[in-house]
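The block underneath contains the structure these notes are about, expressed in structure tokens.
Side chains included, hydrogens not; waters and symmetry mates left out as well; all remaining heavy atoms used.
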Amino acid sequence: MTDSKYFTTTKKGEIFELKSELNSDKKERKREAVKKVIASMTVGKDVSALFPDVINCMQTDNLELKKLVYLYLMNYAKSQPDMAIMAVNTFVKDCEDPNPLIRALAVRTMGCIRVDKITEYLCEPLRKCLKDEDPYVRKTAAVSVAKLHDINATLVEEQGFLDSLKELLGDSNPMVVANAVAAMTEINEASSTGKPLIEMNTATINKLLTALNECTEWGQIFILDNLSSYNPTDDREAQSICERITPRLSHANAAVVLSAVKVLMKYMEMMGKDTEFVTNISKKLSPPLVTLLSSEPEVQYVALRNINLIIQKRPDILKQEMKVFFVKYNDPIYIKLEKLDIMIRLTSQANIAQVLSELKEYSTEVDVDFVRKSVRAIGRCAIKVEQSAERCVSTLLDLIQTKVNYVVQEAVVVIKDIFRKYPNKYESIIATLCENLDTLDEPEARASMIWIIGEYAERIDNADDLLESFLDNFNDENPQVQLQLLTAIVKLFLKRPTDTQELVQQVLSLATQDSENPDLRDRGFIYWRLLSTDPAAAKEVVLAEKPLIAEETDLLEPTLLDELICHIASLASVYHKPPTAFVEGKVGLKKMLPARAGDTDSEQEAAGATIIPEPGSLIGDLLDMDLGGAAVPRGQGGAPAPDLLGGGLDQLLAGGPPEPTAAGGSNSLLGDIFGMGGSAHAGYVPPKQVWLSADKGKGLEISGTWSLRSNIIHMEMTFSNKAMQAMQGFGIQLNKNSFGLVSSQPL
């Protein structure tokens with residue numbers, strides 16, 4: 001008969017009956033009673049009233065009964081701390097029992113009883129168990145040290161348990177070593193100082209590597225994780241460790257393989273980039289990662305997320321393995337999308353034909369999300385591999401001819417990006433795009449099409465009619481479409497001012513008077529003022545040459561990538577977020593890749609300059625922004641239908657800028673919009689240099705210079721968006737610096 005019978009009783013007065021059975025002289029009745037108590041406790045009944053009676057049952061030689069009593073004790077000790085002290089003598093006695101199972105059971109239970117009153121009584125039994133002759137007891141005691149440190153860290157340090165734990169690293173039994181490493185890792189991560197409490201050295205590392213081959217899977221993972229936190233003294237030691245870890249890459253357990261990859265990735269970073277040893281290690285990393293992709297889908301997904309990080313850091317590792325990332329018909333959607341992302345990262349001139357053939361095939365699948373991602377991937381290929389751009393555009397045109405609505409919409413979006421990357425090269429396809437104008441109903445696709453019409457308005461005969469058709473439902477459009485439409489019509493007006501004045505007045509009126517969107521209103525007012533005061537400046541601003549978009553705008557920020565590489569085989573590598581982003585409380589020591597051998601100080605400083613603060617830290621600064629400009633009064637004058645452009649149209653048609661006027665004239669009004677003074681400055685101003693490149697800034701390029709005006713140091717910056725989409729959610733702050741420079745006004 002099974003133990004299910006203990007969970008079926010619902011009698012009243014059961015506590016009283018159990019009390020009498022627990023005090024019975026017959027061992028069998030006593031054991032049955034304890035089983036009933038544990039069953040009641042498991043289903044949520046309060047049986048704490050039986051605490052003293054259950055504690056009395058501890059004095060027994062029966063291992064099963066002792067386990068049950070210890071289980072009860074762990075559950076109720078916190079609510080009955082005074083009564084729990086009664087069990088201390090039994091613990092001390094059990095820690096000296098001839099049976100190692102009982103000794104281990106006692107020390108394990110001691111670590112689980114989180115009661116401050118009795119922890120000091122348990123130090124001596126724990127110390128004896130750490131030096132026990134049986135390895136099972138020692139490995140259990142090692143874990144108990146970590147549990148005791150969590151309860152009372154000061155006590156553990158004072159009693160010298162950390163030194164005892166370090167001694168266990170040289171134990172002859174590999175499982176004892178693995179548990180000691182696990183306990184050490186947990187203790188180090190709980191360090192409040194930010195530094196490890198137990199430092200590792202070369203001798204200790206050698207002991208760990210010796211135990212590595214004989215440990216269980218979990219033991220190997222603990223040791224490998226600990227090795228990933230160790231910084232070798234020189235290249236020779238790093239190479240020695242790598243050679244001894246490399247056999248773990250052929251392990252059957254995926255977690256062991258990824259943990260070994262994590263250690264190797266870190267140590268490779270320390271050595272020279274082009275050394276023969278690093279090249280050999282890179283070749284050895286490829287087969288195990290490919291093998292992981294033949295596992296079940298859940299393991300595949302974790303492997304793919306980790307591979308995504310690895311190829312961002314070292315794309316050479318898997319550059320010859322494109323075929324393993326081709327999508328299978330029975331792959332789950334989350335696997336398909338992840339494989340697609342990795343395919344794009346590995347795309348090069350050598351394999352582009354193969355990749356495009358696959359992507360075109362994917363674009364005829366039934367899964368809408370996958371088809372959309374596939375079409376976008378074709379556009380990313382065109383941007384990444386310039387030699388294949390024409391072939392990609394041809395493929396996109398073929399897809400547009402299918403007339404499948406969502407395929408056409410995605411194709412329009414990616415063609416807009418291709419136009420930005422290769423201006424004045426593929427404009428012959430605009431006519432084909434315009435034929436599908438009526439089928440576009442998604443905001444991003446409509447905004448992309450409007451951008452194309454505005455950008456190439458001089459080549460489209462009926463551009464004004466096309467844009468006017470969007471104005472009919474202007475107030476119902478998505479804000480993204482409204483903003484794009486406003487800019488496109490202003491571009492059209494600047495290119496063909498004679499026959500589009502009425503159209504531009506209409507859109508400016510809709511944007512500034514009828515809209516509740518502050519972004520749209522502000523842009524409308526700026527365009528209005530520019531056109532009415534200085535059309536030449538308007539041309540320079542609106543029709544300025546646009547920066548080319550970057551090839552890879554979705555790469556992780558370098559410092560974040562370095563941190564995530566140190567967290568391979570953990571949740572952080574699956575989420576692609578640091579542990580601080582999703583774990584509350586203590587998250588342990590911050591892990592970062594070491595500086596690569598041969599790096600110069602300037603390179604390290606440049607890398608440090610790209611660190612982006614947490615998004616939350618910028619919110620206050622954004623809210624306190626003050627551009628310091630004079631407010632532009634709205635609705636001046638009582639004319640019912642004002643000429644929004646003022647005299648700007650005449651100046652534009654005349655083909656030149658207005659004559660210079662005295663201070664306070666129309667040109668100074670343009671400056672007022674932005675809150676800029678008109679004071680001139682003297683002296684040399686160095687040309688702007690790139691401070692943050694687009695590839696490190698995820699598409700945002702910052703260039704700047706310094707100048708001296710009116711004895712005030714000015715930092716002039718130009719922000720260029722080279723990404724494939726609008727940027728938002730960033731701000732500016734001036735950190736403390738060695739020059740003592742501070743902002744003269746709140747940013």
Are the side chains of [Y] and [X] in contact, using a 4.5 Å heavy-atom criterion?
X	Y	result
L356	R391	yes
I311	R314	no
R420	K722	no
F419	I430	yes
I317	I310	yes
V385	S348	no
K546	E455	yes
V413	V375	no

In sequence, state the C-alpha distance, the side-chain angles, and the governing distance for R521 and T512, and then conclude on side chain to side chain contact (heavy atoms under 4.5 Å, CB included). CA-CA 5 Å; R521 281 204 311 271; T512 57; 5.5 Å; no
Report the C-alpha distance between K313 and D562 in whole Å, list the side-chain angles of each, state the deciding distance to 0.1 Å, and finish with yes or no for salt bridge (Lys or Arg N to Asp or Glu O under 4.0 Å). CA-CA 8 Å; K313 191 69 183 174; D562 286 352; 2.6 Å; yes
Side chain to side chain contact (heavy atoms under 4.5 Å, CB included) between N405 and D441, intermediate numbers included: CA-CA 9 Å; N405 185 266; D441 53 18; 4.0 Å; yes
Would a distance-only check, ignoring hydrogens and angles, find a side-chain to backbone donor-acceptor pair under 3.5 Å from [X] to [Y]?
X	Y	answer
N462	D465	no
H576	R305	yes
K384	R345	yes
T347	M343	yes
Q409	E442	yes
R523	L483	yes
Q689	T705	no

Could you state the interatomic distance from [atom1] ([X]) to [atom2] ([Y]), rounded to the nearest 0.5 Å?
X	Y	atom1	atom2	value
I549	D417	CD1	CG	4.5 Å
L485	N478	CG	CG	12.0 Å
F470	I450	CZ	CD1	4.5 Å
E390	T395	CD	OG1	11.0 Å
I453	S469	CD1	OG	7.0 Å
I415	L397	CD1	CG	5.5 Å

In terms of heavy-atom contacts, does [atom1] of [X] have more than 12 from other residues, nucleotides or ligands at under 6.0 Å?
X	atom1	value
Q387	CD	yes
L543	CG	yes
K495	NZ	yes
D461	CG	no
E361	CD	no
E386	CD	no
Y575	OH	no

Would you check if there is a donor-acceptor pair between the side chains of [Y] and [X] at a distance under 3.5 Å?
X	Y	result
K403	N436	yes
N473	E477	no
T718	K688	yes
Q482	N517	no
E557	T559	yes
N308	D341	yes
S707	E716	yes

Check this for me, if you would: do E321 and K339 make a salt bridge, where the nitrogen-to-carboxylate-oxygen distance has to be below 4.0 angstrom? no
Sidechain N-carboxylate O distance under 4.0 Å for E458, R496: no
Restricting to pairs with a member in residues 334-368, which pass ring pair (Phe, Tyr, Trp, His ring centres under 6.0 Å), not counting sequence neighbours?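 Applying ring pair (Phe, Tyr, Trp, His ring centres under 6.0 Å) to every pair that reaches into residues 334-368, excluding sequence neighbours, yields Y301-Y334, Y362-F370.
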Might you work through the side chain to side chain contact (heavy atoms under 4.5 Å, CB included) test for F325 and L304, ending with a clear yes or no? CA-CA 9 Å; F325 298 106; L304 287 167; 3.9 Å; yes
Would K425 count as a cation-pi partner of Y422, with NZ or CZ less than 6.0 Å from the six-membered ring centre and within 45° of the ring normal?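 Cation-pi check for K425 and Y422: passes.
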Taking all heavy atoms of [X] and all of [Y], pick out the closest pair and write down the distance.
X	Y	answer
A382	I418	CB-CD1, 3.8 Å
I383	K421	O-CE, 3.7 Å
P443	V481	O-CG2, 3.4 Å
V685	W706	CG1-O, 4.0 Å
C381	L359	SG-CD1, 3.8 Å
A463	A457	CB-O, 4.0 Å

Parallel, tilted or perpendicular: which describes the rings of Y456 and W451, with under 30° parallel and over 60° perpendicular? perpendicular
K360/D398 under salt bridge (Lys or Arg N to Asp or Glu O under 4.0 Å): CA gap, chis, key distance, verdict: CA-CA 9 Å; K360 190 173 181 181; D398 291 343; 3.2 Å; yes
Between L492 and L467, is a side chain to side chain contact (heavy atoms under 4.5 Å, CB included) present by the stated rule, with each step listed? CA-CA 9 Å; L492 175 65; L467 292 177; 3.8 Å; yes
